[in-house]
Student: 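Would you mind keeping the following structure in view while I ask a few things?
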4 protein chains.
Amino acid sequence: MGDKVYSEKQIAIFNAIIELMKNGINPYSIKVSDIAEAAGIGKGTIYDYFNSKEEAISEAILYSVAKEIEYGYSRIKSQDSFKEKFYELLYMIAEKSADNVSTFNMLLSIGEISKLYEFLLDEKYDLSEYVYMANQIIKHILKAGIEEGIISTTESIPYQIIVTNSLIMGFSQYIRQKDLYPHVSLEETIEMCYKAVVKVLN
Amino acid sequence: MGDKVYSEKQIAIFNAIIELMKNGINPYSIKVSDIAEAAGIGKGTIYDYFNSKEEAISEAILYSVAKEIEYGYSRIKSQDSFKEKFYELLYMIAEKSADNVSTFNMLLSIGEISKLYEFLLDEKYDLSEYVYMANQIIKHILKAGIEEGIISTTESIPYQIIVTNSLIMGFSQYIRQKDLYPHVSLEETIEMCYKAVVKVLN
Amino acid sequence: MGDKVYSEKQIAIFNAIIELMKNGINPYSIKVSDIAEAAGIGKGTIYDYFNSKEEAISEAILYSVAKEIEYGYSRIKSQDSFKEKFYELLYMIAEKSADNVSTFNMLLSIGEISKLYEFLLDEKYDLSEYVYMANQIIKHILKAGIEEGIISTTESIPYQIIVTNSLIMGFSQYIRQKDLYPHVSLEETIEMCYKAVVKVLN
Amino acid sequence: MGDKVYSEKQIAIFNAIIELMKNGINPYSIKVSDIAEAAGIGKGTIYDYFNSKEEAISEAILYSVAKEIEYGYSRIKSQDSFKEKFYELLYMIAEKSADNVSTFNMLLSIGEISKLYEFLLDEKYDLSEYVYMANQIIKHILKAGIEEGIISTTESIPYQIIVTNSLIMGFSQYIRQKDLYPHVSLEETIEMCYKAVVKVLN
DNA sequence: GATGAATGAGACTTCATTCAT
DNA sequence: GATGAATGAAGTCTCATTCAT
């Protein structure tokens, strides 16, 4: 994680691609000329750093996921209690939900990345590292809950992870469909989610 | 729902598109010639029934979602108890998880359809009907749970729906990433999910 | 002239094509489906009577030209004096100038028909008959002028025809560009044209 | 007039289109691949300089008309007397009559350009400038005739223009149908035309 | 005889990629 | 190293023509 070194130009290209996606452009609809313009470089330059448009987009997505996972993990680690850590995660998800393509969300459902962009299925991209990291974050949060006695050790670790993951993903969906369900505030939703996790795992 | 009438040819085109998507072809990557070949018709024929490729694909997706929702609802209704209804839903999700694009999954996160295919954002496609139906299914299942005394009425309806929805979506994700988490069987996962819902809403 | 016999259906097709052209549709832009709809028949029927769209349109144009020449000739013959005959011709041209494609105008410049529709260049279409007829009309009018002593016999017949033809074509252009030159009335223009012919040939 | 600046590539494309038209290809029948081949460029390049095939052809026609009007005007201006100017115009028309589509002829009947290619009717193309220029040329020639006392000032300017225009157009038609009227030489026809103008307007 | 649903050749256009500058 | 003009493969879509009914 984070062991890959990218040149300044590559990072400019990544940021351009991520910006386009956040603005609602589907990765399949992104044109090389869009990327070049957004990055403030010539079209040809992209091919000096990547072998194809698909490679550039694929690596941009992975770069973004990695960065967001690291950033998220650090923010969560900086919190002290189980409740604070859990709330921090949900707040981050809510913050990112404005982005049309939140790579942060993928943190929770890495397997879905390839639904976003089929070229990520290529075997040259190893997603397992990200799955591992995402699990680590959940484990880290749960560990705090267990230490604080909020979460019991009766249930198996996989059970705890699956259930927690589910509720977080459910929260994420809910937030993104806010316009479909306008009656409940963000605060209330976060409280509901926390309450449900505690109840299920206490 | 189901009030739209399609000609035989249109349905053949829909089935061809759905088949392609189930085989893992991204809607953005589908070519008109693919559809024609899969439907066993000429390319031009598609334009006798739809104004553009995008329209054909958009309507195919909606057709599939509508059909699956109806089919799923009927299967769930045919079950007698809360547990049977809930299990039936999870079994269906598991069955469909082999399809690369399970429109059934969209039942649970209709808002995500437009992430699958941006052209569905066009205002001529009204997705609210599907959102409503999806909610109806969850309500129908929960109602059985309440009547059987398995689910308490302490919590608000929105809370119950959000939490149930979350856990089902979480289950769906889990199933689809089976290869990433090979240690737990399908049966066990279904049981876990049911157990969690009961615990959180009892 | 007029010795070709057409079936009712063929004439319906001709009329449909002529109608479309009068409504401003360029012969190159006419579609078989347009013709069928305008004629109130099925597309396939057109191919029962013509070998191709081009043949149908080509023959429709020639049919229209022949009909208009005959009609024009008869109207001019029915007039008694040189001036009446000449005015009758100009009136007819003015009447037809509303038609986007006046086949009547072609009477005067048959050679231009093939500019209208290149397929008329095919050697199977003999336009010389029409050229002959157009010349006959001019000769007929001039003959009256000579008999009445309005036109002198000093100049050669070709000279008389060329000059008369030129002035008539000029009139026709002028009428069709009425919106570009709005200051002169139709009556005045007709008078000018007549006056010029008389002056040049007296 | 002549104030539009075109790139070298655009002019190459214009020349290719004009060449095709001079070779007898109807503008409606011109294919993008024809243009590309004739211009010695790739098909895609055309779309770097024009938004559509129709735009390229429309602008090519206008470019050609503008260039020919300017060229023609300069040639006529360089002549000293009325007769020389008039003869120069008729010679030019005769020279150009070999071109299947003489944009020079349009100089005399600009309103007909849109009959040649309907896309020129688009309001983004302003043809009035060309109409004005064409009139200027006729006025310039007539002015010389008046100054030399060959043309009287008895008749109104519009009358003079209409009649002159008509006789020139008539000449142009005649020349182009040379094969239909083989008995009169070019020299004789030019003389006839000049003689008629002088007689009508003296 | 008449039809119009179906076809597929062929046109227009886009855009990823190259390469001379 | 960087560029963007140029390319042409490949895709969408149209429409003349066919042929089963």
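All chains are named by letter (A, B, ...) in the order of the sequence lines, taking the proteins before the strands, and each is independently numbered beginning at 1. Worth knowing before you read on, the calculation uses all heavy atoms, side chains too, and leaves out hydrogens, waters and symmetry mates.
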Student: Kindly point out which of dT7(F), dG11(F), dT3(E) is positioned nearest to the side chain of Asp48(D)?
Tutor: dT7(F)

Student: When all nucleic acid strands are considered with a 4.0 Å heavy-atom cut-off, which category describes Ile35(D): base, sugar-phosphate, or nothing?
Tutor: nothing

Student: Check the phosphate of dG1(F) against Tyr49(A), side-chain N and O only, distance under 4.0 Å to OP1 or OP2. Yes or no?
Tutor: no

Student: Would you indicate which nucleotide in dT12(F), dT3(E), dT17(E) comes nearest to any side-chain atom of Thr45(C)?
Tutor: dT3(E)

Student: Quickly work out the Ile13(C) CD1 to dG1(E) C1' distance and round it to whole Å.
Tutor: 13 Å

Student: With nearest nucleotide decided by heavy atoms, which residue, Lys43(D) or Lys9(C), maps closer to the 5′ end of DNA chain E?
Tutor: Lys9(C)

Student: So does Glu37(C) pair up with Lys43(C), basic N to acidic O under 4.0 Å?
Tutor: no

Student: Using only heavy-atom distances, decide whether a donor-acceptor pair under 3.5 angstrom links the side-chain of Lys53(D) to the base of dT13(E).
Tutor: no

Student: Over 60° means perpendicular and under 30° means parallel, so classify the ring planes of Tyr6(D) and Tyr63(D), tilted if in between.
Tutor: perpendicular

Student: What nucleotide, of dA16(E), dT17(F), dC13(F), holds the atom closest to the side chain of Tyr47(A)?
Tutor: dA16(E)

Student: Looking at dG8(F), which nucleotide sits across from it as a Watson-Crick or G-U wobble partner, both distances under 3.5 angstrom, or is there none?
Tutor: dC15(E)

Student: Look at the aromatic rings of Phe119(C) and Tyr28(C) and report parallel, tilted or perpendicular, splitting at 30° and 60°.
Tutor: tilted

Student: Can any side-chain N or O of Gln10(A) pair as donor or acceptor with the backbone N or O of Ser7(A) at less than 3.5 Å?
Tutor: yes

